Structures are given as C-alpha cells and as structure tokens.
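What follows is a single structure, written as structure tokens, with notes after it.
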Amino acid sequence: MSDEIESIRQGLRDLRLSHAAEILEEELARATKERAGYSTLIARLVERERTRRHERAYARRLKAAGFPEVKSLDTYDFKFPEKIDARLVRELATLGFVKAKEAVWIAGPSGTGKTHIATALGLRAIEEGLSSLHRQMSAIARDLHASIADHSEERRLRFYERIDVLVVEDLGFADIPQESMSLVFDLFNRRYERRATIVTSNLSGDAAEKSVAHQAMAGAVFDRLLHHAHLVTIVGPSWRAKHRPGSR
C-alpha cells in the first residue's frame, strides 16, 4: 500500500467516513479495471458510505423500537378475519396519519393480528427514517410510576414524548396506581396533535373507557386518543387458536 493511499485512507477516517476508508482499495482497483474517471470513483465511495450509514441508522432505530417480532403488512392475511377494513390499513401504511399527528386505534379479540398490524405500521415509520417504540401500556405505567421515586418524571415523559410513532399495546388503565395516573394522562396529552400514537385493545374505544377504574382521568385520555383516531376494527377467531397443533 502506498503512503499516498494510506494518507487518503486516514483522511477519510478523520472525516468519519470509515466505510469509505475500508473500501478505498477495492474501489480503486475497480476504477482501474473499468478505466473509470476520478468523479466516478468519488461518486461510488460517497454512495457506498451513504448506504452503509442508512443501514446502520435503520438497524439502530429497529433495535430501539423493541418490536416483539419484525412483521410487515405483506405477511398479514387479510382474508382470515371475518371483518377488517384492508383498504384503511393499507392507507395507514402510507404514513399519512404520522404527518397529520393522528392516532390509530386497533381493536379486536386476542389472536386476530392487532400486534402484527401495529408493528407493521411502526416498521414503516422506521423505514422512512422516523423513530418508533413498542411498549405494553402496563410497562409504560410501571416506568412512569417508578420515576416518581427518584423525581425523574419529566425526563421519562420527554423520552416518550419525542418518539415519532409510539405503539401502545393492550391499552387499559384499571391496574394503574392512582398516583401515577396523572403522569399517564400527561404523556398522552403531550403527544396529542404533536406525535402519532398507535394503540391496540381487545375493546372498542367506548367499551375500553367504561371498563377502567379512573373514569375522569381515563376519559380525558380517551378523548385525546379518539379525537383524530383512525379506527381499525377486527372481527373473527384467533389465528393462533385455529393454527394450534391438534386444532381443526
């Protein structure tokens, strides 16, 4: 390796173009073989560096999202449920609701694919360079409740507030301690008309609201969630139960 090439390689590293530094000799050899000009060589280095950065950023966002499984709408069987608005779900996949800072409420019995659809929409956001986070409502409530002890409530609220697409599974407030319910309300209030939120529930919006213990505070949360919400209702049997070994 010539001193000149090593100097270029080090310069690329200093400019934090680490992948370009790694592939420099490979692209130089390719340019020599194809008799490509300097502009072509530089363009290839830049494009491969950009691609690698996009891949790494995507991987970081995907890991941070914490999806239980990585699923897309392409693998969801829209023919299995007895009722589902497939057109609406596919329209949501264009992420118009994210740009409009709206909510998506996915309701249906267990095993009908609520998590699959919610995860697929969150994944679409990540593919477009946005952040997403998947959490059970109970886990969010525990996190906010724990923050009271060390007075980190504001820090935790800001963490959830900044997420572009927050996916909240199994929405319900019956088991949330009274002292942390105000923090849960604050979380959804901060996101209202500022960020997109996806929730899943076994119940429709009205039924879920009636089922909770903290009626006044829960009603305020539901009011914000349902104001601009796209409602996806799934009717049908459990896919898991139908495909369980031994079932017909």
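From a predicted model like this one, the values you see are computed outputs, not experimental measurements. Atom set for the values below is all heavy atoms of this structure, side chains included, hydrogens, waters and symmetry mates excluded.
The aromatic rings of H230 and F97 sit perpendicular to each other, their planes meeting at more than 60°, with 30° as the lower class boundary.
Hydrophobic clustering, with ILVMFWY side chains joined whenever heavy atoms are under 4.5 angstrom apart, groups L88 together with I234. Follow the hydrophobic side-chain contacts under 4.5 Å out from I106 and you reach L92 in the same cluster. Residues V168 and L226 share a hydrophobic cluster, clusters being chains of Ile/Leu/Val/Met/Phe/Trp/Tyr side chains in contact below 4.5 Å. Note: the hydrophobic cluster containing L130 does not contain Y160 (ILVMFWY, side chain heavy atoms under 4.5 Å, direct or indirect links). Hydrophobic clustering, with ILVMFWY side chains joined whenever heavy atoms are under 4.5 angstrom apart, groups L231 together with V199.
Smallest separation of non-hydrogen atoms from R135 and G66: NH1-CA, 4.5 Å. Considering every non-hydrogen atom in both N202 and P109, the closest pair reads OD1-C, 4.1 Å. For the pair A64 and L133, the tightest heavy-atom approach, listed with the atom from each and the gap, is O-CD1, 3.5 Å. Shown here for M137 and D170, the closest heavy-atom pair between the two residues is CB-O, 3.5 Å. Nearest heavy atoms, V98 versus A196: CA-CB, 3.8 Å. Taking each heavy atom of S132 and V165 in turn, the nearest pair found is OG-O, 3.0 Å.
Counting non-hydrogen atoms of neighbouring residues, nucleotides and ligands closer than 6.0 angstrom, the CZ atom of R13 exceeds 12 such neighbours. When the shell of 6.0 Å around CD of E4 is examined, it contains 12 or fewer heavy atoms from other residues, nucleotides or ligands. The 12-atom threshold is exceeded at CD of E34, counting heavy atoms of other residues, nucleotides or ligands nearer than 6.0 Å.
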Could you check E153 against L144 for side chain to side chain contact (heavy atoms under 4.5 Å, CB included), going step by step and ending with a plain yes or no? CA-CA 7 Å; E153 301 100 311; L144 293 176; over 6 Å; no

Step by step, work out the side-chain hydrogen bond (donor to acceptor under 3.5 Å, both in side chains) result for T75 and H116. CA-CA 9 Å; T75 59; H116 188 145; 3.2 Å; yes

Would T119 and H134 satisfy side chain to side chain contact (heavy atoms under 4.5 Å, CB included), going step by step from the backbone distance to the final call? CA-CA 8 Å; T119 298; H134 178 281; 4.3 Å; yes

Pair Q136-R142, side chain to side chain contact (heavy atoms under 4.5 Å, CB included): steps then yes or no: CA-CA 10 Å; Q136 295 284 327; R142 286 195 302 271; over 6 Å; no

Determine whether I117 and I84 satisfy the following criterion, side chain to side chain contact (heavy atoms under 4.5 Å, CB included), listing intermediate values before the conclusion. CA-CA 11 Å; I117 293 175; I84 185 172; 3.7 Å; yes

Step by step, would you call E161 with R158 a salt bridge (Lys or Arg N to Asp or Glu O under 4.0 Å)? CA-CA 5 Å; E161 181 184 1; R158 284 200 301 268; over 6 Å; no

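Proximity of I140 to V184: side-chain heavy atoms (C-beta onward) are nowhere separated by under 4.5 Å. The closest side-chain heavy-atom distance from T112 to V235 is not below 4.5 Å. A heavy-atom distance below 4.5 Å is found between the side chains of R9 and E25. Taking the side chain as every heavy atom from C-beta outward, Y76 and P81 approach each other to under 4.5 Å. Side-chain contact check for R52 versus E55: some heavy-atom pair is nearer than 4.5 Å.
Because its NZ or CZ atom is both nearer than 6.0 Å to the ring centre of F78 and within 45° of the ring axis, R90 counts as a cation-pi partner of that residue. For the pair R61 and Y58, the cation-pi criterion (under 6.0 Å, within 45° of the ring axis) is not fulfilled.
Looking only at distances, a side-chain donor or acceptor of R191 sits under 3.5 Å from a matching main-chain atom of I163. A donor-acceptor contact shorter than 3.5 Å links the side chain of R224 to the backbone of A220. A distance-only check finds no donor-acceptor pair linking the side chain of T51 to the backbone of R48 [under 3.5 Å]. In this structure, S180 contributes its side chain and L183 its backbone to no donor-acceptor pair below 3.5 Å. The backbone N or O of L166 lies less than 3.5 Å from no partner atom in the side chain of T197, so there is not a single donor-acceptor pair. Although no hydrogens or angles enter the test, the distance criterion places a donor-acceptor pair under 3.5 Å between the side chain of K114 and the main chain of G108. Here the side chain of S131 pairs a donor or acceptor atom with the backbone of D164 at under 3.5 angstrom. With S7 contributing its side chain and D3 its backbone, the two residues share no donor-acceptor pair below 3.5 Å.
A distance of 7.0 Å separates OG of S201 from CZ of F222, quoted to the nearest 0.5 Å. With rounding to the nearest 0.5 Å, the separation of OG in S147 from CD in E154 is 10.0 Å. Distance check: H227 NE2 to D223 CG gives 7.5 Å after rounding to the nearest 0.5 Å. With values rounded to the nearest 0.5 angstrom, E49 atom CD is found 8.5 Å from E22 atom CD. With values rounded to the nearest 0.5 angstrom, S138 atom OG is found 11.0 Å from L171 atom CG. Put simply, NE2 on H19 and CG on L24 are 11.5 Å apart, with the number rounded to the nearest 0.5 Å.
Salt-bridge formation is not detected for the pair E26/R30: no Lys NZ or Arg NE/NH1/NH2 atom is positioned less than 4.0 Å from an Asp or Glu carboxylate oxygen. Salt bridge R44/E47: absent, no basic N to carboxylate O contact under 4.0 Å. Between E128 and K99 there is no salt bridge, since no side-chain N of the basic residue sits under 4.0 Å from a carboxylate O of the acidic one.
Inspection of the T200 and E169 side chains reveals an N or O donor paired with an N or O acceptor under 3.5 Å.
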